[in-house]
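Here is how names work: the chains are called A, B, and so on, in the same order as the sequence lines, proteins then strands, and each is numbered from 1.
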Protein chains: 2
Amino acid sequence: MASDVRDPFAAPGHDHAGCVMAALDAAEARCARAGQRLTPLRRRVLELVWRGHDPVGAYDILELMRDERGRIAPPTVYRALDFLCRQGLVHRLESLQAFIGCGQAGDHGTDHGTDHGIGHHAAHFLICQDCGEAVEIRDGQLDGAISQLAGRAGFAIANETIELSGRCAACQS
Amino acid sequence: MASDVRDPFAAPGHDHAGCVMAALDAAEARCARAGQRLTPLRRRVLELVWRGHDPVGAYDILELMRDERGRIAPPTVYRALDFLCRQGLVHRLESLQAFIGCGQAGDHGTDHGTDHGIGHHAAHFLICQDCGEAVEIRDGQLDGAISQLAGRAGFAIANETIELSGRCAACQS
DNA sequence: CTCATTATGATATAACATAACACTATGAAT
DNA sequence: ATTCATAGTGTTATGTTATATCATAATGAG
């Protein structure tokens, strides 16, 4: 059923404004801690990425910003997205060529095994092809399997792209 | 050391012509079994994908084919690649926007848990950022972790993108 | 042989991303 | 406060990857 507490997808009528606010607050805190500047432009791009729980294309953001600020070119958006990715505030979904806000930007310090450097963690996703929503998952067993197989292969992982597409619980009815 | 038998990367001086022949033979067999036509064009594209163990861009293949056949347009190459992907003979690496020959196209029938439909299996990769080589891996523990986490989330996986980038054993010296 | 189906050719364009250079804002050091 | 190096943004142009669409050709079933 849809109310399964283990379903990590966002509930239909959840307080999304709260999500956005939490994300922006976490971003402010994180940048402050890292001595990085969350400029109005970057902040606004982050806010637009958090428009929903669906991944957003760079050109979608470009459109949205044109509506409110007039002329703006791709590099401006890409630079902001690059910055946000570097800070670990946004992730890029390779299989969709799109971006999504990091659902764990508030979890600073509490790194887990697969973390690579300051503020960056391996991001793994479930992506629903029906409703378009993507959620970041965190699974110890998965992390363990990955680090073990890498160890056996003598392979030093620098970056993990793990994106599982399919149908979320709510969309199977 | 480089001779670790668990290192899945191709040995420096291995018989690559053999790899290519095995891949083409497996492809013929597979298409015959599936009632699909491995036309000269498709066969040639597959052969070019198997040029090495590095992922190849669609436009790289386009270049190579122009050298030998003159005028040829992107859709021709993309259609062949689509076909080969549908037959499970080639995989697309999302994080590189490139293609690579399936190292397990010969394994027909012996499907493993995460298989999705005829001839398709979940393909997981190790990608060396140093030498550029990518290898398909198969790990029961990883498959298990994935299916368990999906099960807990009530998520029905249709497609898995798992690409681990880093440095292979040989490139760490 | 006919015909439906599948494959390929050809043109145009869409979608995603970055290089390069100019200009502006910011903050640290004097 | 002024200077200066650095970081951020604006702007133009272009590179890279992928697809829509329609025309033509090859294939195989009946």
Side-chain angles (χ1 to χ4, degrees), chain A residues 27-28 30-32 34-49 54-87 89-100 132 161 163, chain B residues 27-28 31-49 54-87 89-100 132 161 163:
Chain A
E28 296 281 11
R30 193 172 254 244
C31 289
Q36 297 292 321
R37 297 169 51 205
L38 187 64
T39 63
L41 174 69
R42 291 166 171 174
R43 191 186 155 90
R44 183 61 184 145
V45 169
L46 180 58
E47 202 172 352
L48 290 174
V49 167
D54 305 357
V56 188
Y59 277 74
D60 294 338
I61 292 172
L62 193 61
E63 280 298 309
L64 293 166
M65 295 202 70
R66 275 182 174 148
D67 293 345
E68 57 192 37
R69 301 173 52 137
R71 285 174 68 92
I72 178 172
T76 300
V77 169
Y78 277 102
R79 282 189 291 228
L81 288 170
D82 285 351
F83 170 85
L84 295 168
C85 286
R86 280 199 308 278
Q87 303 311 314
L89 300 169
V90 161
H91 297 295
R92 179 181 151 83
L93 290 172
E94 301 292 345
S95 63
L96 299 176
Q97 290 167 198
F99 300 83
I100 189 167
T161 298
E163 299 170 13
Chain B
E28 295 282 10
C31 289
R33 268 171 43 95
Q36 297 292 320
R37 299 169 50 203
L38 188 64
T39 62
L41 174 70
R42 290 165 173 175
R43 192 186 155 89
R44 184 60 184 145
V45 169
L46 179 58
E47 203 172 349
L48 290 174
V49 167
D54 304 356
V56 188
Y59 277 75
D60 294 338
I61 292 174
L62 192 62
E63 279 299 308
L64 293 167
M65 296 202 69
R66 276 182 173 149
D67 293 345
E68 60 191 35
R69 302 173 51 140
R71 286 174 67 91
I72 178 172
T76 300
V77 169
Y78 277 102
R79 282 188 292 228
L81 288 170
D82 286 350
F83 170 85
L84 295 169
C85 285
R86 280 198 307 277
Q87 303 311 314
L89 300 169
V90 161
H91 297 296
R92 180 182 150 83
L93 290 173
E94 301 291 347
S95 62
L96 299 176
Q97 289 167 200
F99 300 84
I100 190 167
T161 299
E163 299 169 15

Does the pair A/E94 and A/T161 meet the rule for a side-chain hydrogen bond (donor to acceptor under 3.5 Å, both in side chains), with working shown?
-> CA-CA 7 Å; A/E94 301 292 345; A/T161 298; 5.0 Å; no

Taking only the side-chain heavy atoms of [X] (C-beta and beyond), determine which of [options] contains the nearest atom.
| X | options | value |
| --- | --- | --- |
| B/Y78 | C/dC16, D/dG10, D/dT19 | D/dT19 |
| A/T39 | D/dG8, C/dT8, C/dT18 | D/dG8 |
| B/P74 | D/dT11, C/dA10, D/dA18 | D/dA18 |
| A/A73 | D/dT9, D/dT11, C/dA17 | D/dT11 |
| B/Y59 | D/dG8, D/dT17, C/dA17 | D/dT17 |
| A/F99 | D/dG8, C/dA17, D/dT21 | C/dA17 |
| A/P75 | C/dA19, C/dG9, C/dC21 | C/dA19 |

What about A/R79: does its side chain form a donor-acceptor pair under 3.5 Å with the base of D/dG10?
-> yes

Taken to the nearest 0.5 Å, the spacing of B/R42 CZ from B/T76 OG1 works out to 11.5 Å

Spacing of CG belonging to B/L41 relative to CG belonging to B/L46, to within rounding of 0.5 Å = 11.0 Å

Could you give the CG-to-P distance, from B/L62 to C/dT11, as a whole number of Å?
-> 14 Å

Pick base, sugar-phosphate or nothing for B/I72, based on heavy-atom distances below 4.0 Å to the nucleic acid.
-> nothing

